[in-house]
> 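Structure below; questions to follow.
Excluded from the calculations below are hydrogen atoms, water molecules and symmetry mates; all remaining heavy atoms, backbone and side chain alike, are included. Just so you know, ligand 1 is whichever comes first in the structure, and atom 1 is the first atom listed for that ligand. For clarity, every value in this text was computed on a predicted model and none was experimentally measured.
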Amino acid sequence: MKFKFCYIDGIRRPTTPSLFVGQLVHAALEHLYRHRMLGVQLELADLIARIDNTWDESVLAEEAAFENHAQQEALRQQTAELIAAYLQRVPADEPRPLAVEATMEVPLLDPLSGEDLGIPLLGIADLILDAEEGPVIVDFKTSSRSAPPLEISHEIQLSCYSLLFRALTGRAEAELQIRSLVKTKTPKVDVHRYPARSAAHFSRLFAILREYLDALDRGRFNFRPGWGCSMCDFRQTHCHG
Ligand code: SF4
């Protein structure tokens, strides 16, 4: 249903304050790691300056809807505190990035059967680190609660990253990570680690993809409540089951 609202009906929703903070955090981490790729180490002050310098422009571009100026300033502070927590949590000498905000696109080929599903798979990986044990694919998330994410709720996304990375590089990832920047009163960062994808993961992924493509072909847009509903702009306005 979200696909239909967004891409077929063309309904646009203003960026919520929470999503806006997530976008600014992502942009700051992208800035950090693009510099690390070049061997340049940025400090917290550099990242906060960037957030401040791009804030107004981003508010306009995203049509972010704040209640008032005080809320906007509180969120700007929260963004800076999340970045500070990240720099404290993650060692500065972690492996050098192989790729940052890497757009990956490959034909959608089932690695088990070789079947070509006839469309491309496109994904953007936040960060890929060149660790000693092998490539580590990292996804950044901002969340309001600190709880270990259920692996199954991220399975499609993690398996897609793996599929894209393997198809493009011919290498398997050593590990996948979700780094959650948690918007608690004192912000904190949780690093959740998941093993390299197995044949069973890809088998489940392609079962879902086939079903999804069949539904799109038939114009059958189902109500599918799940983890993604927590971030869905259409939940309260358009989605009535
Ligand atoms: S609220 Fe959930 S079920 Fe409804 S459109 Fe959004 S993601 Fe789909």
> Check each heavy atom of Cys229 against ligand 1 and say whether those closer than 4.0 Å belong to the side chain, the backbone, both or neither.
both
> Taking the inter-plane angle between the rings of Phe5 and His238 on a 0 to 90° scale, is it parallel (under 30°), tilted (30 to 60°) or perpendicular (over 60°)?
tilted
> Just which atoms of ligand 1 are under 4.0 Å from any heavy atom in Arg235?
1 (S)
> When you check the side-chain N and O atoms of Tyr86 and Arg179, is any donor under 3.5 Å from an acceptor?
yes
> If hydrophobic clusters are built by linking Ile, Leu, Val, Met, Phe, Trp and Tyr wherever their side-chain heavy atoms come under 4.5 Å apart, do Val100 and Val138 end up in the same one?
yes
> Do me a favour and list the nearest non-hydrogen protein atom to atom 4 (Fe) of ligand 1 with residue, atom name and distance?
Cys239 SG, 2.4 Å
> Who's the nearest protein heavy-atom neighbour of atom 5 (S) of ligand 1, and how far?
Lys2 N, 3.5 Å
> Counting heavy atoms only, which part of Arg224 comes closer than 4.0 Å to ligand 1: side chain, backbone, both or neither?
backbone
> Are the side chains of Arg171 and Pro135 in touch, meaning some heavy atoms are under 4.5 Å apart?
yes
> Parallel, tilted or perpendicular for His35 and His31, by the 30°/60° rule?
perpendicular
> Is it true that Phe223 lies under 4.0 Å from ligand 1, counting heavy atoms only?
yes
> Do the side chain of Arg197 and the main chain of Ser162 share a donor and acceptor less than 3.5 angstrom apart?
no
> Among protein heavy atoms, which lies nearest atom 6 (Fe) of ligand 1, and at what distance?
Cys232 SG, 2.4 Å
